[in-house]
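First comes the structure, then the notes that go with it.
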2 protein chains.
Amino acid sequence: MTLTKADKRQAAEKREFLARYRPANFPRPSVTVDIVVLTIVDAELRVLLVKRKEHPFKGQWALPGGFLRVGDGKKNQGEDLDVAAARELEEETGLKPNLAYLEQLYTFGKADRDPRMRVVTVAYYALVRPDLVPLVRSGGDAAEASWFAVPSLRKTTLAFDHAAIIAKAIERIASKLDYSNIMFKLVPQTFTIPELRSVREIITGAPQDRGNFRRRVARMIEDKIIEQAPGKRITTSKPATVFRFCQKR
Amino acid sequence: MTLTKADKRQAAEKREFLARYRPANFPRPSVTVDIVVLTIVDAELRVLLVKRKEHPFKGQWALPGGFLRVGDGKKNQGEDLDVAAARELEEETGLKPNLAYLEQLYTFGKADRDPRMRVVTVAYYALVRPDLVPLVRSGGDAAEASWFAVPSLRKTTLAFDHAAIIAKAIERIASKLDYSNIMFKLVPQTFTIPELRSVREIITGAPQDRGNFRRRVARMIEDKIIEQAPGKRITTSKPATVFRFCQKR
DNA sequence: TAAATAGTGTCTATAAGACATTATCTC
DNA sequence: GAGATAATGTCTTATAGACACTATTTA
């Protein structure tokens, strides 16, 4: 491939344009990443919240999150959005990115959702297996953090529009229960069918027939999505068979 | 409810904090809104693209979009994200917001997706009924714009990551075909069952059995989602019954 | 009347809902 | 053996796929 004179002129024009370019003068919003960290412990859906140390909403509970790191110029444009979410998750919970299921949820960008300045937040949700919850160091980033039962939040006023973000996350997760493997992100590495069913009931808020649910799980066993695993639950009656997820998680 | 001394102190503290607050000094990204404007004309899925007049990607085709207006301070924080999308749509197509179906798609935020500076773009998709396509003034915003058949774009290199954004939009729409009324946004105000079926086939890229599809539509008629409408198509064989969507659209 | 497409009907497979019954484990 | 829960089975209903067949309109 040869460069014509026109090609060279255009390349030069482009270099010049980019060199001369100054990021637009009009104001920009701040961009944050907020994470709805969810787990299920004691048959209860819980979300991780941090207590705000500064205004606005000082002393109130909020989603963990923080500013997208943007770098300082053309040379360094900072971190990818997904990387920012993984970083925030690790900073606030101590969980390495591969230990939680992290997915973008929705972007919230109403004016005045932050009284200080214009902030657009890209919300993610993270699902943490209950057996990993002990690894979560509450108050990692020098911020007070703790798990809240989601239903109990009706009595609490959260900072910003974070209550709406949590609601949207749960709605999204519920809608994905039936056509994804998302529910395996909310049980321990080994689990029983009744435990799985409980996850479903807690997320949807509706009871699920035991027999019908088993039938679905039976198909997953046939399809080698899950397999029997060693181990036993300590119960006061008949213990359920223990399974594990087949693919790496 | 009475204010205690502590309440008053806290309120004062808050006012002071907000007055003193200076938006963070660390750099911010630009935030844009890009819109995947789709329609179906002549049994072909088409997307509206605009030709870039400036570097980078000068002369290449790109999604219509623009910067989120942020206002200039605390007093005015600018427009909601959704409003920005509706505004951009109208600016670039002339379509009033209520004439197209507009929904947030996904937020794309990889570093270096724009060589000039850090740009996070919140992508939306807009579905335009084919009978409204004539209202779209190509090149509205003094920019050259035109409709492209989506399959033909495989040969074209689009600006930025816009090809990936279009792909994601189509994937999302395909996934919503079966549990939403989204396909009615891609047929004229009155339509026939074969026309509806064609929409489905074009979006999914897979053939759909006529009888089976009719059966589904028949259920929608029973459920009063659509109803028969006056009119007739000019055809060279038996003309199909014409329907309209019941709810306001 | 021929061509073409609209529209109908049927058989089968899959999966969910509702609900009854049996099996197995712990104490 | 009692209590409790796991596990299985059955009947019904809803829906999709595949495919054959009939009806109606235009030229």
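Order of the sequence lines sets the chain letters (A, B, ...), proteins ahead of strands, with each chain counted from 1. For the numbers below, each heavy atom of this structure counts, side chains included, while hydrogens, waters and symmetry mates do not. It should be emphasised that the depicted structure is a prediction, and the values quoted were computed from it without experimental measurement.
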State whether the distance check finds a donor on one side and an acceptor on the other, under 3.5 Å, for side chain Arg210(A) versus base dA6(D).
yes
Is there a side-chain contact (heavy atoms from CB on, under 4.5 Å) between Ile166(A) and Leu158(A) once you walk through the steps?
CA-CA 10 Å; Ile166(A) 293 170; Leu158(A) 298 191; 3.5 Å; yes
Does Arg233(B) use its side chain to pair, donor to acceptor, with the backbone of Ala240(B) at less than 3.5 Å?
no
Would you tell me if any nitrogen or oxygen in the side chain of Thr236(B) comes within less than 4.0 Å of OP1 or OP2 on dT5(C)?
no
Nearest whole angstrom, please: distance from the C1' of dA16(C) to the CZ of Arg197(A).
15 Å
Given dA6(C), dA4(D), dA7(D), which nucleotide is nearest the side-chain atoms of Ser237(A)?
dA4(D)
Reckon Thr241(B) touches a base, only the sugar-phosphate, or nothing at all at heavy-atom distances under 4.0 Å?
sugar-phosphate
For atom CD of Glu222(B) and atom P of dA14(D), their distance in whole Å:
11 Å
Whole angstrom value for the distance that separates C1' of dA6(D) from CD1 of Ile221(A):
13 Å
Atom-pair distance (CD1 on Ile193(A); C1' on dA23(C)), nearest Å:
15 Å
Polar side-chain atom of Thr121(B) near backbone of Thr32(B) as donor-acceptor pair, under 3.5 Å
yes
Using whole Å, what does the distance between atom P of nucleotide dA16(C) and atom OH of Tyr179(A) come to?
16 Å
Between P of dC21(D) and NZ of Lys238(B), the distance in whole Å:
18 Å
Does Arg214(A) have a side-chain nitrogen or oxygen under 4.0 Å from the phosphate oxygens OP1 or OP2 of dA6(D)?
no
Taking the nucleotide of DNA chain C with the nearest heavy atom to each, does Glu195(B) or Asp209(B) sit closer to the 5' end?
Glu195(B)
Within the structure shown, what part of the strands sits under 4.0 Å from Thr235(A) by heavy-atom distance: base, sugar-phosphate, or nothing?
sugar-phosphate
If we ignore hydrogens and angles and just use 3.5 Å, is the side chain of His162(A) paired with the main-chain N or O of Ala62(A) as donor and acceptor?
no
Among dT26(C), dG17(C), dA16(C), the one nearest Arg219(A) by side-chain distance:
dA16(C)
Could you state the CZ-P distance from Phe191(B) to dA6(C), rounded to the nearest angstrom?
15 Å
Is the shortest distance from a Lys or Arg side-chain nitrogen in Lys176(A) or Glu103(A) to a carboxylate oxygen in the other one below 4.0 Å?
yes
What I want to check is whether an N or O donor and acceptor connect the side chain of Asn212(A) with the base of dA18(C) at under 3.5 Å.
yes
Whole Å only: how far is the CZ atom of Phe213(B) from the C1' atom of dG7(C)?
14 Å
Using the closest heavy atom to pick a nucleotide of DNA chain D for each, name whichever of Arg200(B) or Lys232(B) lands nearer the 5' end.
Arg200(B)
Heavy-atom donor-acceptor pair, Arg215(B) side-chain to dA16(D) base, under 3.5 Å:
yes
